[in-house]
2 protein chains.
Amino acid sequence: MSLPHALLGLLSEQPASGYDLLKRFDEGLSAVWPAQKSQVYSELAKLDENGLIEITGTGARQRREYGITDAGRAELRRWLTEPDLDLAFRSAALLRVFFLWTLNSGEGAAYLEKFADHNHARLTALQAIHDNAKWVGDPVQVCGWLMLEYGLRGSETAEQWARWAAGELTERLDTPS
Amino acid sequence: MSLPHALLGLLSEQPASGYDLLKRFDEGLSAVWPAQKSQVYSELAKLDENGLIEITGTGARQRREYGITDAGRAELRRWLTEPDLDLAFRSAALLRVFFLWTLNSGEGAAYLEKFADHNHARLTALQAIHDNAKWVGDPVQVCGWLMLEYGLRGSETAEQWARWAAGELTERLDTPS
DNA sequence: TTTCACATGTAACCTGTTACATGATTGC
DNA sequence: GCAATCATGTAACAGGTTACATGTGAAA
C-alpha cells in the first residue's frame, strides 16, 4: 500500500495533476514503484475523499490540480518515520535461477549472461542520467541522487554476480563431484 | 504470473503435496517469491485442471501428492528459456528514500541507518545458512547456493550504500551549497 | 484540418493477502 | 484425552494490470 504515499510525497513538493504525476513517475520513481495511470487517477480520488489531498485549481482540458493537505503531510510523515520496513521483494528473474538445474549448463549460463547484460544496460542508462544532470544542492534532488547511486551500485553488483554465477554453473554442473 | 512456475519448478525435482511445497517455499524460495497457502492450494488446482501437474498419490489426512507432467515440464522449460526478463522491482523501503527530504536530516539519516541495520541482519542470517549447510555437488543445491550468494552480495551492497547515504544526507542537507 | 500532446477516467480481470473454517492423525 | 502437527481449503478484500473510451486545445 505505497502508491498513495508516493503520490503524497510528490505532492508535498508542489501541487500537480494526475497527468503531471504520471510523468514524474517515469522520471526515476517507477524504478522502485511502477504505477499505471488508471491506478493513479483512482488513488487521487480516494486521497481526495479522505482529505489527504485537495483540489487546488483547475485548468484547460478538465485539468484538476491537487495539493497536499495538513492531514496528508501528517500521514506522509507517519509513513516515513514509522519502522515497518519490510525488505520484501519479488523477482521473477531471480526465481528462475533456482530452477536453472533443469536446463543444461550451457542454457543456464546463457540465461545468467543475459541477466548480466540487462543489468549492464541499466547501469549504462543510469550512468548517463548521472552524467547529464547538474546536481545542485536542492534537498529534493539530493534524495533522487542517493537513489540513483543505489541503482548504480545495485546494477553493478547484480551484473558481477551473474557473470560469476554463469561460470560457476558451467563448472559445477559439467564436472560433478 | 510466476507462482505457477515456481510450483512447477519444485515439482520437477520430486512429487509433493501443497503442504510440502509451502514448507519448501519457506526454505529460501520465499526470499524472491513469497506465497500464501491459500494461493498455493488454488494454484495447484488450476495447474491440475490445465494438465501441467497431476495427482500421483494420496496419503493420510486427505493428503494429495502432485507430480509434474510432460506438459508441465515443457511449460517450465519455456518459462526458463524465453527471454522476457523484466528487472521490474518494487520496494517500499527504497521508495521512502525519495521523500526523506521532507524530514529533517537527523530523521532521514536515522531511517537510512535502520535500513542498513536490516540489511546487515539479513546478511548475518544468510551467512549462517551458508556456513551451516554442506554444499555437495547436487545441481539443485548449486542453484540454491548461487541464489544465496546473490543475497549475500546484495545485502552487503545495500548496507554499505545506506551507511554512505546517511552520511551524505546529513552533510548535504545541513550545509546547503 | 489534421495531428499531437494534454487530460481523465471506467470495466474487466488477475494476483495476492487476510481471516476464517474444518477435519485427521500422531505422540504424549 | 489432549495438544501439536498435518492437511486442505473458502470468502472477502486490496492492490495492480490491460484494454477500452472520451474529449480538449495548441500548433503546424
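Here is how names work: the chains are called A, B, and so on, in the same order as the sequence lines, proteins then strands, and each is numbered from 1.
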Residue pair B/H130, B/L126: steps toward the side chain to side chain contact (heavy atoms under 4.5 Å, CB included) verdict: CA-CA 6 Å; B/H130 184 272; B/L126 293 177; over 6 Å; no
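- Rounded to a whole Å, the CG atom of A/L7 is 13 Å from the P atom of C/dT8.
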At a cut-off of 3.5 Å, list every protein nitrogen or oxygen paired with a nitrogen or oxygen from nucleotides 9-15 of chain C, distance to 0.1 Å.
unit_1	atom_1	unit_2	atom_2	d
C/dG9	OP1	A/R64	NH1	3.3
C/dG9	OP1	A/R64	NH2	2.4
C/dG9	OP2	A/R64	NH1	3.2
C/dG9	OP2	A/R64	NH2	2.4
C/dG9	O6	A/K37	NZ	3.1

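- To the nearest angstrom, P of C/dC6 lies 15 Å from CD of A/E65.
- Taking side-chain N and O atoms only, B/Q36 has a distance below 4.0 Å to OP1 or OP2 of C/dT17.
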Pair A/T56-A/Y66, side chain to side chain contact (heavy atoms under 4.5 Å, CB included): steps then yes or no: CA-CA 5 Å; A/T56 54; A/Y66 291 98; 5.7 Å; no
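- Without hydrogens or angle criteria, A/E107 side chain to A/N104 main chain gives a donor-acceptor distance under 3.5 Å.
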Side chain to side chain contact (heavy atoms under 4.5 Å, CB included) between A/Y150 and B/V97, worked out: CA-CA 10 Å; A/Y150 182 91; B/V97 177; over 6 Å; no
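- If you take CG of A/N50 and C1' of D/dA14, they are 14 Å apart, rounded to a whole angstrom.
- Note: CZ (A/R90) to P (D/dT17) measures 12 Å, nearest angstrom.
- When rounded to the nearest whole Å, the span between CG of A/L44 and C1' of D/dG16 equals 16 Å.
- Of the possible polar contacts, one joining the B/Y111 side chain to the B/A93 backbone as a donor-acceptor pair under 3.5 Å is found.
- Toward the 5' end of DNA chain D, the nearer of the two residues A/P34 and B/L22, judged by each one's closest nucleotide, is B/L22.
- The backbone N or O of B/W79 lies less than 3.5 Å from a partner atom in the side chain of A/R96, making a donor-acceptor pair.
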Listed pairs, N/O of protein and of nucleotides 24-28 of chain C, under 3.5 Å:
unit_1	atom_1	unit_2	atom_2	d
C/dT25	O4'	B/R61	NE	3.0

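- In terms of the side-chain hydrogen bond (donor to acceptor under 3.5 Å, both in side chains) criterion, residue partners of A/H5 (sequence neighbours excluded) are, by chain and number, A/E75.
- Enclosure of atom CG in B/D131 by more than 12 non-hydrogen atoms of other residues, nucleotides or ligands within 6.0 angstrom is indicated.
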